[in-house]
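See structure below.
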Amino acid sequence: MSETFGIEAGPASFDVDAWIAQAARPQRTVTVYGRADLVARLDEIDAEVARHRAAGGAEEALADLRAEWDDLAEAFSASALPVTVRGLTGAEEFTAIAAARAARPDLVDAGGALSPAWHEFVGLHLLAAAIVSPAMTLDQVVAIHAKVGSTALAPLAAAVQALTSAGTVVPATPFSEPSSGSTPA
């Protein structure tokens with residue numbers, strides 16, 4: 001499965017073109033929840049259960065809370081949307097920023113100062129440019145932001161930033177015993 005492109009025979013035999021042909025930008029999948037509002041009630045139920053148990057209450061008395069918690073947790077899980085993002089090239093960043101500036105010139109004053117809303121608006125443009133799947137338009141990204149807010153999209157934005165600026169982080173294998181300081185071969 002692993003191809004070396006001739007590097008084992010030395011740098012002179014390395015097939016750069018073959019390596020470039022198979023190369024791809026790093027990607028990460030992050031889950032966004034459409035019903036993050038349910039977490040507040042789940043937290044309340046957790047606290048009620050903890051108080052009940054601390055007071056020595058019978059487990060049978062928790063049946064209604066357990067059923068509510070199960071229903072809410074199921075609804076929360078069902079609202080999960082796995083979104084795959086990739087790192088952006090400098091050209092893609094420039095294009096997204098230029099599109100944002102063209103779409104909302106009112107967010108930049110005559111002196112070139114950027115309004116606070118500018119950063120959020122350009123961030124949505126960058127995020128839309130970085131989404132690989134499911135395919136989304138800028139309008140859909142803006143609509144998601146309006147519905148779930150910046151907090152729900154923050155993990156996506158953080159993943160794009162990390163992929164764009166930090167390079168590829170090689171994940172550790174989940175199939176071996178953890179050891180201190182080990183990295184995959």
Side-chain angles (χ1 to χ4, degrees), residues 1-37 77 79-175 181-185:
M1 172 119 191
S2 177
E3 194 168 344
T4 63
F5 307 101
I7 196 69
E8 71 284 350
S13 66
F14 182 68
D15 187 346
V16 175
D17 291 327
W19 185 89
I20 292 170
Q22 63 80 45
R25 277 188 262 166
Q27 298 182 0
R28 288 285 185 260
T29 300
V30 178
T31 302
V32 176
Y33 292 92
R35 292 301 314 272
D37 61 309
S77 293
S79 77
L81 174 64
V83 179
T84 302
V85 294
R86 67 176 181 190
L88 297 173
T89 65
E92 288 170 329
E93 287 181 320
F94 180 81
T95 299
I97 292 168
R101 186 179 291 266
R104 292 293 308 273
D106 59 306
L107 297 178
V108 182
D109 73 16
L114 307 173
S115 74
W118 163 258
H119 297 286
E120 183 174 86
F121 190 66
V122 77
L124 294 174
H125 273 73
L126 291 166
L127 185 56
I131 292 175
V132 175
S133 72
M136 288 187 211
T137 66
L138 172 62
D139 289 342
Q140 289 171 319
V141 172
V142 170
I144 290 171
H145 177 262
K147 192 76 172 173
V148 300
S150 296
T151 304
L153 294 180
L156 281 176
V160 172
Q161 178 64 30
L163 291 169
T164 298
S165 63
T168 303
V169 176
V170 179
T173 178
F175 301 107
S182 68
T183 56

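Note that the structure is predicted; figures quoted are calculated from it, not measured.
- Residue H145 holds its NE2 atom at 11.5 Å from CG of L156, rounded to the nearest 0.5 Å.
- Summarising the geometry of S150 relative to E120, their closest heavy-atom pair is OG-OE2, 3.4 Å, with the distance given to 0.1 Å.
- Residue L127 comes nearest to V85 through the heavy atom pair CD1-CG1, 4.4 Å, listed as atom of the first residue, atom of the second, then distance.
- Residues T84 and T29 form a side-chain contact, since some pair of their non-hydrogen atoms from C-beta on lies under 4.5 Å apart.
- By the 4.5 Å heavy-atom criterion applied to side chains, V122 and L107 are not counted as neighbours.
- Looking at every heavy atom in both residues, L138 comes nearest to H125 through CD2-NE2, 3.1 Å.
- One finds the CD1 atom of I131 at 9.0 Å from the CD atom of Q140 (value rounded to the nearest 0.5 Å).
- Considering CD of Q27 and OG of S133, their distance stands at 7.5 Å, rounded to 0.5 Å.
- In this structure, the separation between CD on E92 and OG1 on T164 is 8.5 Å, given to the nearest 0.5 Å.
- Separation of atoms CG (D106) and CZ (F121) is listed at 8.5 Å; rounding is to 0.5 Å.
- Closest non-hydrogen pair, P82 versus P134, comes out as O-CD, 3.5 Å.
- Separation of atoms CD (Q161) and CG (L88) is listed at 9.5 Å; rounding is to 0.5 Å.
- Nearest approach of G34 to D37, heavy atoms of both residues: O-OD1, 4.4 Å.
- In this structure the side chain of H119 reaches within 4.5 angstrom of the side chain of L114, judged on heavy atoms.
- P155 and A152 make their closest contact through CD-O, 3.4 Å (heavy atoms, listed as atom of the first residue, atom of the second, distance).
- Looking at R101 and W118, their side chains come closer than 4.5 Å, going by heavy atoms from C-beta outward.
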